[in-house]
There are 2 protein chains.
Amino acid sequence: MAKKTTIYDIAKELNITVSTVSRALNNISTISESTRASVLATAKKLNYRPNKIASSLTSGKTYIIGILVPSAQIQFFASVIHALEKYLKSFGYSILLYQTNESLESEKNGIATLLEAQVDGIIASMSLETQDVSHFEKVKEEGKPLIIFDRTHDDLQSPNVKIDDEYAGYLATQHLLDQGYRNIAYLTTRHSIKIFRERFEGYQRALREAGIPPTPEHAVFGELTVEGGYAGTQQLMGLKNQPDAIIGGDDYVALGIIKALHEKGITPPEIGVIGFANQNFSEHIIPSLSTIDQQAIKMGKECAKMFLKIIEQSPLAENNITPVVLEPLLLARASTRRKQ
Amino acid sequence: MAKKTTIYDIAKELNITVSTVSRALNNISTISESTRASVLATAKKLNYRPNKIASSLTSGKTYIIGILVPSAQIQFFASVIHALEKYLKSFGYSILLYQTNESLESEKNGIATLLEAQVDGIIASMSLETQDVSHFEKVKEEGKPLIIFDRTHDDLQSPNVKIDDEYAGYLATQHLLDQGYRNIAYLTTRHSIKIFRERFEGYQRALREAGIPPTPEHAVFGELTVEGGYAGTQQLMGLKNQPDAIIGGDDYVALGIIKALHEKGITPPEIGVIGFANQNFSEHIIPSLSTIDQQAIKMGKECAKMFLKIIEQSPLAENNITPVVLEPLLLARASTRRKQ
DNA sequence: ATGAAAGCGCTAACAC
DNA sequence: GTGTTAGCGCTTTCAT
């Protein structure tokens, strides 16, 4: 291939200077319509393609924003990424993706990588391993916006977007109570990410408000996987005091619950099952799975909006950014439909 | 925040020149161990963070590779992205993501955007709308590697990674025949992307080899969605000549098939149902769904390997790159298990 | 409305 | 083993 054409080539071709070319290309202030047109024409003729790297070096803006997530394979994150990219693209931003795979070590490297790439900001959700959050502080030290979504952390003050997780747990439990279930178990996981704790608290609050003291042995902490749901259910069904409904920490856990029940000849809603996340299969399995929708698409869009809002302020003052709290949505389906 | 520290600051601090600093930082050839150590030390002390943008401008390499896919929300692509990022990261590459959302227009913009960002190469899978592929040629014109995966196109000669789709269709059909099904229908979609046509051809070949002439009315072309599967199944069940097994164009279509059958009081494997893609729910629904695994993770990894292989050649000669064809994997599960 | 020139932070010859 | 210097392609004052 021939050497790449630069604004110098355009300038030479038209006997003008690069500054004029640059102005024409960026459609800046006082450019005569005629030169603008001719620049654009020769740019096209010479097959010119702007070099964003060069422009970034001078302007200090890359129009790239870093997305740091546990894994693109987790559908919730895939959906957030999808929405983020789709929305930010329309404002001229591209997405640089980094997956932590739930590793703190990788998360640290990710922040460094994104920062070295000179991203204009970072939108992140924490790994399960993360306890110390000091690596996130570096983003702010560089004066770049940092937005945390879904998996927030007590120690990190940052603009954030999440759903009301306590209410999500409450909502799931309340729904089961409404359907007449009384002996409600909960399969979740244990760690410092707030959301799981908050949901669990919502579960306990709903029970208490219904005058039902939470049964300790009905709270099982395990893995958030199909296998985890399966194992947890076996444990629960081995109790003298068997539950009549089980809340799964997410929809995969719920799948495991259904599987374990099925092997015992039980089909929901005989024992009620509800999950979290509204995975795309949940609506379509038989029986269809009740779940709490976490509004991934909306969350992605809200993150993008928040980023744009922060970036257009100067100087960057993140303090006046109000956190966005989305409302969890109860999707009541067959797996909990005891009453008509 | 203070002004960013550059290699000039390190140089000044140590009374050496930037070239020495640069060499030390990049661990180049003949650097005395002592200066290297002191440079690294002061770099750390001054909180130095390399500016990849600046380095890219001189070196011509960004260590960023562009990923262009229809949508990160389609699980297959999410898995490929996951594998790609995970693998390439270990070689120092970052991922710039662009979604076409199945739009040709967007695909063209995507190629332009990625090229302007000076990516070192592009790994792409085509949108369903794509017929003319000239925008992809621009990548090669810039002398950058272009790898196509899964959704290839007759008109575009490029290194590629895919599964043997004809065989995938054959495999699914053969499996149903093995299970004693004889009247096998196929719900798919129609367009210029090769893979769907090839799978369909595999289906026809399997039937012919079994001495069963394909029934035209058993080939239904619709949307590759749950709704498409549902509608197609209703159409098929309205025929005098009802099928005894249905192949879904993907696992979502299969979900729609099962749903429609369920409403008629039929549960697989009474009528056999098999899908494509091995979505993560397929194993866990009841009855578990037979499917053809497309090896998304492996495909991502193979793309990454191919990219690295191409990039380390000089000059870039993509002609000698043998396409990688992965073998589709039959996952025979309950939805087709007629025989013991 | 356009030109001249400095410089963004780094790399890579080429010297010594 | 280290210094000097010229860019990479673009933006952006400051002139005119």
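Values reported hereafter were calculated over all heavy atoms of this structure, with side chains retained and with hydrogens, waters and symmetry mates removed. Sequence lines set the chain letters: A, B, ... in the order given, protein chains first and strands last, and positions in each chain run from 1.
- Put simply, the side chain of B/Ser71 never gets that close to the backbone of B/Asn101: no donor and acceptor are under 3.5 Å apart.
- When distances run from any side-chain atom of B/Thr20 to the nucleotides D/dT2, D/dC14, D/dC8, the shortest one goes to D/dT2.
- One interatomic measurement links the two molecules: NZ of B/Lys61 to C1' of D/dC8, which rounds to 16 Å at whole-angstrom precision.
- OP1 or OP2 of D/dT11 has at least one side-chain nitrogen or oxygen of A/Asn26 nearer than 4.0 Å.
- Across all strands, A/Ser55 comes closer than 4.0 Å only to sugar-phosphate atoms, never to a base (heavy-atom distances).
- Distances shown here put every side-chain N or O of A/Thr58 at or beyond 4.0 Å from the OP1 or OP2 atom of D/dG9.
- The number of heavy atoms from other shown groups lying within 6.0 Å of NZ (A/Lys298) does not exceed 12.
- When heavy atoms are screened at a 4.0 angstrom cut-off, B/Ser19 is found touching base atoms of the nucleic acid.
- At least one side-chain nitrogen or oxygen of A/Ser22 sits closer than 4.0 Å to the OP1 or OP2 atom of D/dT11.
- Within 6.0 Å of the NZ atom in B/Lys61, the count of heavy atoms belonging to other residues, nucleotides or ligands exceeds 12.
- Distance, A/Leu25 CG to D/dC10 C1': 10 Å, rounded to whole Å.
- Mapping heavy-atom proximity under 4.0 Å, the span of DNA chain C touched by chain B runs 5' to 3' from C/dG9 to C/dC14.
- In this structure, B/Glu141 does not pair ionically with B/Lys138, as no charged nitrogen and carboxylate oxygen lie closer than 4.0 Å.
- Residue B/Ile53 is out of contact with every strand shown, counting any heavy-atom pair closer than 4.0 Å.
- Looking at which nucleotide of DNA chain D each of A/Lys52 and A/Arg23 is closest to, the 5′-most match is held by A/Lys52.
- Residues from residues 35-50 of chain B placing a heavy atom under 4.0 Å of any atom in DNA chain C, listed by number, are B/Tyr48, B/Pro50.
- Under a 3.5 Å cut-off, the side chain of B/Asp120 and the backbone N or O of B/Ile65 do not form any donor-acceptor pair.
- Using a 4.0 Å heavy-atom distance criterion, A/Asn15 is classed as a sugar-phosphate-only contact.
- Counted within 6.0 Å of NZ on B/Lys89, heavy atoms from surrounding residues, nucleotides or ligands total more than 12; the atom is thus considered enclosed.
- For A/Tyr8 and A/Ser34, each mapped to the nucleotide of DNA chain C holding its nearest heavy atom, the one lying further toward the 5' end belongs to A/Ser34.
- With rounding to whole Å, B/Leu14 atom CG is found 10 Å from D/dG3 atom P.
- The CG atom of B/Leu57 sits 12 Å away from the C1' atom of D/dT11 (whole-angstrom rounding).
- Note on residues 46-56 of chain A: pairs passing side chain to side chain donor-acceptor pair (under 3.5 Å), not counting sequence neighbours, are A/Arg49-B/Glu142.
- Going from atom CD1 of A/Ile7 over to atom P of D/dG9 covers 10 Å, rounded to whole Å.
- B/Gln295 contributes no side-chain N or O that, together with a main-chain N or O of B/Ile163, makes up a donor-acceptor pair within less than 3.5 Å.
- Within the 3.5 Å criterion, the main-chain N or O of A/Leu104 finds a donor-acceptor partner in the side chain of A/Glu129.
- At D/dG3, one or more side-chain N or O atoms of B/Thr17 fall inside 4.0 Å of OP1 or OP2 (strictly under the cut-off).
- Proximity of a side-chain donor or acceptor of B/Gln99 to a complementary backbone N or O of B/Ala72 within less than 3.5 Å is detected.
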